[in-house]
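Please read the structure below before turning to the comments.
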Amino acid sequence: QVQLAESGGGLVQPGGSLKLSCVGSGPTFGSYAIGWFRQAVEERELVAATAWNGFSVYYGDSAKGRFIISRDNAKNTAYLQMDNLKPEDTAIYYCAAAPGWGSRPKASDFVSWGQGTQVTVSS
């Protein structure tokens, strides 16, 4: 299975931006769908996901209009551009890899997880 490592988190003021990166190990990264999740207190929420070729993407309601997911398979890297950040976006953000998904991605589709990167939105 592919191993994943996130980076790019940090402290940002409300209205600011961050770009998270997820680097995968091994030659199979490009064959996996990649998702970004976040967890603040309890449930792990799916923020966005992209199919292996980047042509099919999914956004959770909290991400629509503010976040953009992308990937560069040549660099074994996926990204999450986050704009207009709000305090409620504060969470640990994880990237994860899945062989694919059905009608819509869900956490149980994802088989490999990174260790997470903290995003804090505060003035």
Side-chain angles (χ1 to χ4, degrees):
Q1 291 182 346
V2 64
Q3 293 185 327
L4 305 170
E6 306 92 339
S7 63
L11 174 64
V12 63
Q13 292 187 341
S17 299
L18 281 175
K19 187 173 185 177
L20 306 182
S21 298
C22 171
V23 178
S25 64
T28 61
F29 177 86
S31 66
Y32 284 91
I34 296 295
W36 283 98
F37 293 78
R38 69 186 184 186
Q39 185 165 9
V41 178
E42 296 181 350
E43 291 189 11
R44 190 167 288 189
E45 173 193 359
L46 175 59
V47 176
T50 174
W52 68 273
N53 56 9
F55 290 165
S56 179
V57 295
Y58 168 89
Y59 291 100
D61 288 342
S62 63
K64 291 176 182 176
R66 299 189 299 129
F67 296 178
I68 297 175
I69 188 170
S70 62
R71 66 188 299 163
D72 184 342
N73 287 341
K75 296 181 178 180
N76 275 16
T77 304
Y79 306 95
L80 185 67
Q81 175 68 45
M82 304 187 295
D83 297 321
N84 191 22
L85 284 162
K86 306 174 182 179
E88 51 264 42
D89 294 317
T90 295
I92 300 174
Y93 284 70
Y94 301 87
C95 67
W101 66 70
S103 57
R104 53 173 286 179
K106 54 188 185 298
S108 59
D109 294 323
F110 292 82
V111 298
S112 294
W113 294 80
Q115 294 193 336
T117 185
Q118 176 70 47
V119 171
T120 302
V121 184
S122 175
S123 56

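Counting only residues at least two apart or on different chains, no disulfide (SG to SG under 2.5 Å) pair has a member in residues 27-78. Residues in residues 98-109 take part in these side-chain hydrogen bond (donor to acceptor under 3.5 Å, both in side chains) pairs, two or more places apart or across chains: Tyr58-Arg104, Lys106-Asp109. Evaluation of the disulfide (SG to SG under 2.5 Å) test over residues 47-88, restricted to residues two or more places apart or in two chains, returns none. Residue pairs meeting the ring pair (Phe, Tyr, Trp, His ring centres under 6.0 Å) criterion with at least one member in residues 10-50, sequence neighbours excluded, are Phe37-Phe110, Phe37-Trp113. For the disulfide (SG to SG under 2.5 Å) condition, the pairs that include at least one residue of residues 86-121, sequence neighbours left out, are Cys22-Cys95.
What you find for Ala33 and Gly100 is that their closest heavy atoms are CB-CA, 4.5 Å. Annotation for Ala97 and Leu4: closest pair N-CD1, 3.6 Å, computed over non-hydrogen atoms. Across all non-hydrogen atoms, the minimal contact from Val2 to Ser25 is CG2-O, 3.1 Å. For the residue pair Glu42 and Gln39, the shortest heavy atom distance occurs at O-NE2, 2.6 Å. Nearest approach of Ser122 to Pro14, heavy atoms of both residues: C-CD, 3.6 Å.
Counting only heavy atoms from C-beta outward, the side chains of Leu20 and Met82 approach each other to under 4.5 Å. Residues Val23 and Ser7 are not in side-chain contact: their nearest non-hydrogen atoms beyond the backbone lie 4.5 Å or more apart.
At distances below 3.5 Å, at least one donor-acceptor pair connects side-chain atoms of Asn73 with backbone N or O atoms of Trp52. Side-chain atoms of Gln115 never come within 3.5 Å of backbone atoms of Glu6 as a donor-acceptor pair (strictly under, hydrogens ignored). Between the Asn76 side chain and the Gly24 main chain, a donor and an acceptor come within less than 3.5 Å of each other.
Applying the side-chain contact (heavy atoms from CB on, under 4.5 Å) rule to Ser17 yields the partners Gln81, Asp83; only residues at least two apart in sequence or on another chain are considered. Residues passing the side chain to side chain donor-acceptor pair (under 3.5 Å) test with Tyr79, sequence neighbours excluded: none. Every residue meeting the side chain to side chain donor-acceptor pair (under 3.5 Å) condition with Thr120, not counting sequence neighbours, appears here in chain and number order: Gln118. Among residues two or more places apart in sequence or in another chain, the side-chain contact (heavy atoms from CB on, under 4.5 Å) test is passed with Ser31 by Thr28. Taking the side-chain contact (heavy atoms from CB on, under 4.5 Å) definition, one finds that Asp89 meets it with Arg38, Arg66, Phe67, Leu85, Lys86, Tyr93, Val121, sequence neighbours left out. For the side-chain contact (heavy atoms from CB on, under 4.5 Å) test, residues two or more places apart in sequence or in another chain that qualify with Val57 are Thr50, Tyr59, Ile69. When the side chain to side chain donor-acceptor pair (under 3.5 Å) test is applied to Lys19, no partner is found at least two apart in sequence or on another chain.
Here the straight-line distance linking atom CG of Leu80 with atom OG1 of Thr117 works out to 11.0 Å at 0.5 Å rounding.
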